[in-house]
Amino acid sequence: MNIDVKKILPKDPSTYKGHKSIRIITALYLLIVVIRSCIHIFASDGGANSIAGIDVSVEGGDNIIAIFHQWGAIQLILAGLLVVLFFRYPGFTPLILLTMALEPLMRFVASRVMAVTSTRTPPGAALNGVAFVIVACLFVASLMN
């Protein structure tokens with residue numbers, strides 16, 4: 001097993017020199033990221049209560065909803081940039097996967113600083129570990145020759 005970390009920032013990003021299935025799975029994951037972002041933007045409560053189970057009927061509940069909408073906007077900007085890179089510069093697939101692997105890792109770190117109180121486990125929290133493992137494995141696989 002030969003791992004080439006130089007693939008993260010390739011000299012020629014116009015081509016991806018790896019297994020085609022990695023690109024397909026990455027594209028599907030990017031689609032999920034775009035959909036998740038749109039839910040946060042367009043759901044009436046930003047998904048705060050309807051998905052994450054956060055009580056927004058409290059004082060400041062509108063601010064919680066606003067933060068979820070803003071979070072969705074930021075997610076969509078990042079997702080859009082990753083989609084552009086994915087299609088315009090296929091050679092950046094490992095960099096894209098590294099970026100997507102860091103997101104659940106950083107959310108995990110942030111949740112240790114201050115945990116979210118909710119009536120149920122939010123999907124992001126429930127799937128954080130699984131998402132990290134899948135994307136980290138894809139990242140490592142994308143570096144193989």
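Here, residue 1 is the first one in the sequence, and each next residue gets the next number.
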Is there a side-chain contact between [X] and [Y] (heavy atoms, below 4.5 Å)?
X      : Y      : answer
Ile8   : Leu143 : yes
Pro94  : Tyr16  : yes
Val34  : Leu30  : no
Leu9   : Phe92  : yes
Met100 : Thr26  : yes
Val33  : Leu82  : no
Tyr89  : Leu95  : no
Ile32  : Leu28  : no

Donor-acceptor pair, side chain of [X] and main chain of [Y], under 3.5 angstrom:
X     : Y     : answer
His40 : His69 : no
Lys17 : Lys7  : no
Asp45 : Ser50 : yes
Arg23 : Gly18 : no

Completion exercise
Phe139 meets the ring pair (Phe, Tyr, Trp, His ring centres under 6.0 Å) criterion, sequence neighbours left out, with none
Rounded distance (nearest 0.5 Å) linking atom [atom1] of [X] with atom [atom2] of [Y]:
X      : Y      : atom1 : atom2 : value
Leu97  : Leu102 : CG    : CG    : 11.0 Å
Ile51  : Ile39  : CD1   : CD1   : 5.0 Å
Asn49  : Ser57  : CG    : OG    : 7.5 Å
Ile67  : Ile74  : CD1   : CD1   : 10.0 Å
Arg120 : Ile54  : CZ    : CD1   : 9.5 Å
Phe68  : Gln75  : CZ    : CD    : 9.5 Å

Distance-minimising heavy-atom pair for [X] and [Y]:
X      : Y     : answer
Ser118 : Ala52 : CB-O, 3.1 Å
Ser37  : Ala79 : OG-CB, 4.5 Å
Ala48  : Ile64 : CB-CG2, 4.1 Å
Ile65  : Gly46 : CG2-N, 4.3 Å

Please say yes or no: joined through hydrophobic side-chain contacts below 4.5 Å, possibly via intermediate residues, are [X] and [Y] part of one cluster?
X      : Y      : answer
Leu138 : Val130 : yes
Ile134 : Leu127 : no
Phe87  : Ile25  : yes
Ile41  : Trp71  : no
Ile35  : Ile77  : no

Practice task
Kindly indicate, with the supporting measurements, whether the criterion side chain to side chain contact (heavy atoms under 4.5 Å, CB included) is fulfilled by Cys38 and Leu76.
Solution key: CA-CA 7 Å; Cys38 289; Leu76 191 58; 4.2 Å; yes
Problem - Verdict with reasoning, Val140 to Met144, per side chain to side chain contact (heavy atoms under 4.5 Å, CB included) - result: CA-CA 7 Å; Val140 171; Met144 292 182 184; 4.1 Å; yes
Exercise for the section: Flag yes if more than 12 heavy atoms outside Asp12 fall under 6.0 Å of its CG atom; otherwise flag no. Expected result: yes
